[in-house]
Amino acid sequence: MIYTCYEMVRDCRADVPEGWIHFISHYVPVMRKALAHYAPEKAGDAALLGQILVKVRTRDSFIFKSTEPPEERWFVAQLRQLLVGELAAPAAEIPMDLETLTAALEPLTMTEKQAAWLETMHYSPAQAGPMLRVSPETVEKVRDRAAELIRGKVDSWRRTLLVENGAALGREAAGGAGKDCLATKAFLDVVDGRTTWRGREMMDRHLRDCWHCVDHFCRMLEVVHLLRGSQLLPESECEPFRTLLGVPASKRAGWKRFIGRA
Ligand SMILES: [Zn+2]
């Protein structure tokens, strides 16, 4: 029997223990992977992880608030946003905003913009290449070009500007949805190879001018990367988190029921 993310969210909303137990066993490992990426120095910080989990369980978290059908990748993208929001990123010494980035990277194509944007998300060319289905060398070349274009638009420059401003740019992009912006499903259709040529053309055009959607698309690619090879949390490690969240032990026998990942 497969227990889907949809059922998990339904059970979490209804406060059925199985929902929360499934959440802990399936998504704590994903959260750890994201933490190790965004804050390697805090990767083993159980208190921080606990604090994030408690936020997920509060009534105003995305689990309760959102009206989107809870597809697993959408769910993990929400979780990632919450997690990144909890990390106190230091303000960049040389601040840069999306307006500057728009002006600088105007000549780049959609995929090239994604290659540059994944740098703000701290992904190396070796990591970003497979996400974008291009070679790491291509990512590197695009980033060198992007760096030069940015250099031409700012008074003060260094090569790490995108990484240093990553958190702030990510917040600005995520907050700036327009009326023509695309839904998560549109990006997942591309990831799953379900999009039409026409759909892809429209997306290309829209993403040329929209960092909100470039960011959204990149975050969906990131989710695929985060979920790949993710293992379940062993039962013994789930227990402290279950206690922390005040979730009663499941009455239904066995964890095996929850092993299926739909
Ligand atoms: Zn958009």
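One-based numbering, in listed order, for ligands and for the atoms of each. Heavy-atom basis, side chains included; hydrogens, waters and symmetry copies ignored.
- Between Arg57 and Asp15 there is a salt bridge, since at least one side-chain N of the basic residue sits less than 4.0 Å from a carboxylate O of the acidic one.
- Under a cutoff of 6.0 Å and an axis angle of 45°, Arg59 and Phe64 form a cation-pi pair.
- Under 2.8 Å from the Zn ion (ligand 1) lies an N/O/S atom of Cys181, whether from backbone or side chain.
- Screening Glu140, Glu119, Glu164 against Arg159 for a salt bridge (charged side-chain N to carboxylate O under 4.0 Å, His left out) leaves a single residue, Glu119.
- At a threshold of 2.8 Å, the Zn ion (ligand 1) has no backbone or side-chain N, O or S atom of His212 nearer than that distance.
- Rounded to 10°, the angle formed at the Zn ion (ligand 1) by Cys213 SG and Cys210 SG is 120°.
- Under a 4.0 Å N-O distance rule, the pair Arg242/Glu239 qualifies as a salt bridge.
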